[in-house]
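Below, each value reflects all heavy atoms present in this structure, side chains not excepted, and no hydrogens, waters or symmetry copies. Computed from a predicted model, the values in this text were never measured in an experiment. Chain naming here is simple, since letters A, B, ... match the order of the sequence lines and numbering starts at 1 in each.
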Amino acid sequence: MPELPEVETTLRGIAPHIVGRTVRKVVVRERRLRWPISRTLQSAVRGQPISAASRRAKYLLLTTPAGTIVIHLGMSGSLRIVPADTPPQAHDHLDIVFDNGRCLRLRDPRRFGAVLWTVRDPMTHARLRDLGPEPLSDALSGDYLLARSRGRRLAVKQFIMDSHVVVGVGNIYASEALYLARIHPKCAAGRITRQRYTQLADAIKAVLGKAIGFGGTTLRDFTNSDGRPGYFRNQLCVYDRAGEPCEQCGTQIRKIQQGQRATYYCSKCQH
DNA sequence: CCGGACGCCTGTCGGC
DNA sequence: TGCCGACAGGCGTCCG
């Protein structure tokens with residue numbers, strides 16, 4: 001479910017409620033997520049203050065003096081701030097209960113998400129250390145994409161969705177960025193020019209930045225920390241719009257499969 | 001190293 | 001109405 005804008009929206013929603021609060025207890029109802037939740041999490045985090053909440057790629061990092069809680073929302077995860085006595089519903093796997101009577105509650109029906117605990121520098125964690133640059137930083141540029149793509153025959157859509165290349169670009173925003181940059185999603189990554197990669201880097205920044213401003217995209221079940229949806233869906237130019245006219249040229253938007261994922265594009269505008 | 005396929009899970013939706 | 005396959009916002013792993 002969540003790509004970078006949805007994770008960033010979640011971060012901005014939860015941070016004011018948890019930073020500076022102390023953890024009273026951690027309740028684990030289901031430890032079988034993408035990786036099992038560590039049995040040491042509860043005792044390690046109890047009594048710890050949350051000193052910071054941040055994001056790296058699609059991972060949320062909750063910093064304490066004793067270590068860092070690393071949360072990934074997978075395809076169907078969401079976090080909410082609720083009164084600690086709110087009865088849990090199906091797939092509410094984890095509560096981090098704070099000293100003000102509220103808790104951070106993780107719901108994840110498909111259990112592709114993860115909750116990790118590390119006492120080391122989280123950036124050296126195996127899940128984080130090999131990630132590419134943040135898309136909204138200066139490290140993502142046309143020159144960077146050009147350098148990383150030389151010699152690669154992979155389709156550009158799959159190239160920009162590779163978190164070792166650049167993080168945070170998921171299936172929705174990959175199609176949207178390629179549409180904005182007018183690049184065909186099946187174009188081989190290694191055959192794209194510097195100028196077009198500059199346009200693509202700009203398009204990635206533009207679409208992610210704008211989506212954050214709208215609170216992310218809700219296709220089915222994404223909710224922010226207040227339980228409300230994101231409103232970027234109305235701004236999508238191609239994703240989930242197969243058969244609808246391209247707003248630039250009127251051609252019907254096409255849907256194809258690339259690497260088991262749906263891709264949407266305009267066959268007239270994108271080459 | 002690279003690229004492609006598969007698997008992990010549950011819920012929903014469309015077609016028959 | 002009910003069943004059944006397809007598909008869904010991610011990503012690690014395996015294999016050639």
Side-chain angles (χ1 to χ4, degrees), chain A residues 1-10 29-37 55-60 70-79 89-94 106-116 125-132 135 147-178 185-191 204 207-208 211-212 214-224 229-236 238-243 255-264:
Chain A
M1 150 182 30
E3 302 182 41
L4 187 142
E6 292 75 39
V7 178
E8 181 66 24
T9 296
T10 298
R29 298 185 196 84
E30 174 60 79
R31 31 184 285 114
R32 297 172 302 166
L33 303 186
R34 182 71 172 82
W35 296 281
I37 298 177
R55 176 187 62 72
R56 170 72 174 112
K58 298 173 190 168
Y59 293 90
L60 292 164
V70 179
I71 301 175
H72 196 288
L73 298 175
M75 285 282 266
S76 59
S78 60
L79 288 168
Q89 297 185 22
H91 312 301
D92 285 346
H93 305 313
L94 175 85
L106 173 69
R107 177 176 301 174
D108 186 3
R110 294 178 72 180
R111 289 191 276 123
F112 290 173
V115 178
L116 308 170
H125 192 281
R127 300 273 73 81
L128 301 182
R129 69 183 175 212
D130 297 324
L131 294 172
R148 289 297 304 269
S149 63
R150 290 308 90 177
R152 299 200 58 179
R153 293 145 91 143
L154 187 72
V156 62
K157 195 249 193 173
Q158 287 153 289
F159 175 69
I160 61 171
M161 287 181 68
D162 181 348
S163 63
H164 298 98
V165 174
V166 58
V167 301
V169 182
N171 206 39
I172 296 177
Y173 302 110
S175 283
E176 294 297 311
L178 289 165
K186 292 180 84 169
C187 190
R191 298 185 55 218
I204 289 170
V207 70
L208 294 179
I212 291 169
F214 278 81
T217 299
T218 297
L219 289 178
R220 291 162 196 82
D221 52 10
F222 170 72
T223 58
N224 66 17
Y231 297 102
F232 193 69
R233 185 173 192 179
N234 308 93
Q235 309 296 315
L236 296 176
V238 290
Y239 190 88
D240 207 24
R241 295 195 180 282
K255 178 183 184 180
I256 60 172
Q257 291 293 124
Q258 287 185 283
Q260 342 284 86
R261 314 297 298 278
T263 300
Y264 299 84

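- Rounded to whole Å, atom P of B:dT10 lies 23 Å from atom CZ of A:F222.
- Among C:dT13, C:dG10, B:dC6, the nucleotide with an atom closest to any side-chain atom of A:Q260 is B:dC6.
- Within the 3.5 Å criterion, the main-chain N or O of A:P5 finds no donor-acceptor partner in the side chain of A:E3.
- A close approach under 4.0 Å does occur between a side-chain nitrogen or oxygen of A:K58 and OP1 or OP2 of C:dC11.
- Atom pair A:R31:CZ and B:dC8:C1' shows a separation of 17 Å (rounding to whole Å applied).
- Protein atom CG of A:D162 is 16 Å distant from nucleotide atom P of B:dA5, rounded to whole Å.
- The interatomic distance linking A:I160 (CD1) with C:dG10 (C1') rounds to 15 Å, in whole Å.
- Distances shown here put every side-chain N or O of A:H91 at or beyond 4.0 Å from the OP1 or OP2 atom of B:dC9.
- C:dG10 has A:F112 stacked on its base ring, the centres lying under 5.5 angstrom apart and the planes within 30 degrees of parallel.
- Counted within 6.0 Å of CZ on A:R191, heavy atoms from surrounding residues, nucleotides or ligands total 12 or fewer; the atom is thus considered open.
- With the nearest nucleotide of DNA chain C identified for both A:R110 and A:G259, A:R110 has the one nearer the 5' end.
- Note on A:S163: nothing from the nucleic acid sits closer than 4.0 angstrom, heavy atoms only.
- As a whole-Å value, the separation of A:R111 CZ from C:dG12 C1' is 17 Å.
- Nearest heavy atom pair, residue A:G230 against residue A:F222, reads N-CD2, 4.1 Å.
- The phosphate of C:dA8 has OP1 or OP2 within less than 4.0 Å of a side-chain N or O from A:K255.
- Residue A:R152 places at least one side-chain N or O under 4.0 Å from the OP1 or OP2 atom of B:dG3.
- Checking C:dG2 for Watson-Crick or G-U wobble geometry (two distances, each under 3.5 Å) identifies B:dC16 as its partner.
- The side-chain hydrogen bond (donor to acceptor under 3.5 Å, both in side chains) test with A:R233 singles out one residue from A:T217, A:D240, A:T218, and that residue is A:D240.
- Using a distance-only test at 3.5 Å, with no hydrogens or angles considered, a donor-acceptor pair links the side chain of A:R31 to the main chain of A:I37.
- In this structure, the CE atom of A:M161 is 14 Å from the C1' atom of C:dG12, given to the nearest Å.
- The partner of B:dC9 cannot be assigned: no Watson-Crick or G-U wobble pair with both contacts below 3.5 Å exists in any strand.
- Only the P atoms considered, C:dG9 is 22 Å distant from B:dG3, to the nearest whole Å.
- Nucleic acid contact class of A:L219 (heavy atoms, under 4.0 Å, all strands): base.
- Comparing the same atom, P, in B:dC9 and in C:dC14 gives a spacing of 16 Å after rounding to whole Å.
- As judged by a 4.0 angstrom heavy-atom cut-off over every strand, A:F159 is placed among residues making no nucleic acid contact.
- Remark: A:H72 is not in phosphate contact with C:dG10, judged by side-chain N or O atoms under 4.0 Å from OP1 or OP2.
- Of the residues near DNA chain B, A:R34 and A:G151, the one whose nearest nucleotide (by heavy atom distance) lies more toward the 5' end is A:G151.
- Heavy atoms of A:R220 sit under 4.0 angstrom from at least one base atom.
- Here the P atom of nucleotide B:dT10 and the CG atom of A:D108 are 11 Å apart, to the nearest Å.
- To the nearest angstrom, C1' of C:dC11 lies 7 Å from CH2 of A:W35.
- Residue A:L79 forms a side chain to side chain contact (heavy atoms under 4.5 Å, CB included) with just one option from A:N224, A:D108, A:T10, and that option is A:T10.
- Between C:dA8 and A:R261, no contact under 4.0 Å exists linking OP1 or OP2 to a side-chain N or O.
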